[in-house]
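It should be emphasised that the depicted structure is a prediction, and the values quoted were computed from it without experimental measurement.
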Amino acid sequence: GLIALTRVMARDEAAAATPDGLAVSFASVDPGFCATDQNNNQGHVPAAQGATTAATLAAAGDQGGGAGMSGRHFYEGREMSWTYGVPLA
């Protein structure tokens, strides 16, 4: 699924850095069951809270931390195992 695609894209793009040193990083984020129009606001997580992890990762990319997060999956601000077991340390 999406998490596996994230890992494949991160692997393939790491090998294809541009000549000027720019690289693309990939991370997947699960926002949780957010209350939005799409589900008639039945979710138990406010949309703003669900967007926090994605926004944090995007900001880290601007500060140079994004490359170290490439290929990883996040939920509620923590890295999760791609098999969705328990949060990683």
Side-chain angles (χ1 to χ4, degrees):
L2 182 59
I3 298 170
L5 177 62
T6 300
R7 293 174 61 94
V8 168
M9 295 297 292
R11 180 196 65 210
D12 292 352
E13 289 300 320
T18 62
D20 56 0
L22 296 176
V24 176
S25 62
F26 293 86
S28 56
V29 177
D30 179 349
F33 186 40
C34 295
T36 64
D37 291 344
Q38 189 174 15
N39 61 19
N40 201 26
N41 294 304
Q42 295 181 28
H44 59 272
V45 177
Q49 181 181 339
T52 301
T53 300
T56 300
L57 289 173
D62 289 343
Q63 299 167 5
M69 294 182 225
S70 193
R72 299 180 184 183
H73 178 68
F74 296 86
Y75 174 67
E76 293 185 346
R78 298 173 302 206
E79 182 180 358
M80 299 294 289
S81 165
W82 88 279
T83 59
Y84 244 87
V86 295
L88 300 175

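- The distance from atom OG of Ser28 to atom CZ of Arg72, rounded to the nearest 0.5 Å, is 12.0 Å.
- Minimum heavy-atom separation, Ala27 to Leu57: CB-CD1, 4.2 Å.
- To the nearest 0.5 Å, the span separating CZ on Arg7 from OG on Ser70 amounts to 10.5 Å.
- Using a 4.5 Å cut-off on side-chain heavy atoms (C-beta onward), Phe26 and Leu5 make no contact.
- Cluster membership check: Val29 shares its hydrophobic cluster with Met69, using side-chain heavy-atom separations under 4.5 Å among Ile, Leu, Val, Met, Phe, Trp and Tyr.
- Atom NE2 of His73 is separated from atom OG1 of Thr53 by 10.0 Å, given to the nearest 0.5 angstrom.
- For the atom pair OG1 of Thr36 and CD of Gln42, the computed distance is 10.0 Å after rounding to the nearest 0.5 Å.
- The two atoms that bring Cys34 and Gly50 nearest to each other are SG-CA, 3.7 Å, heavy atoms only.
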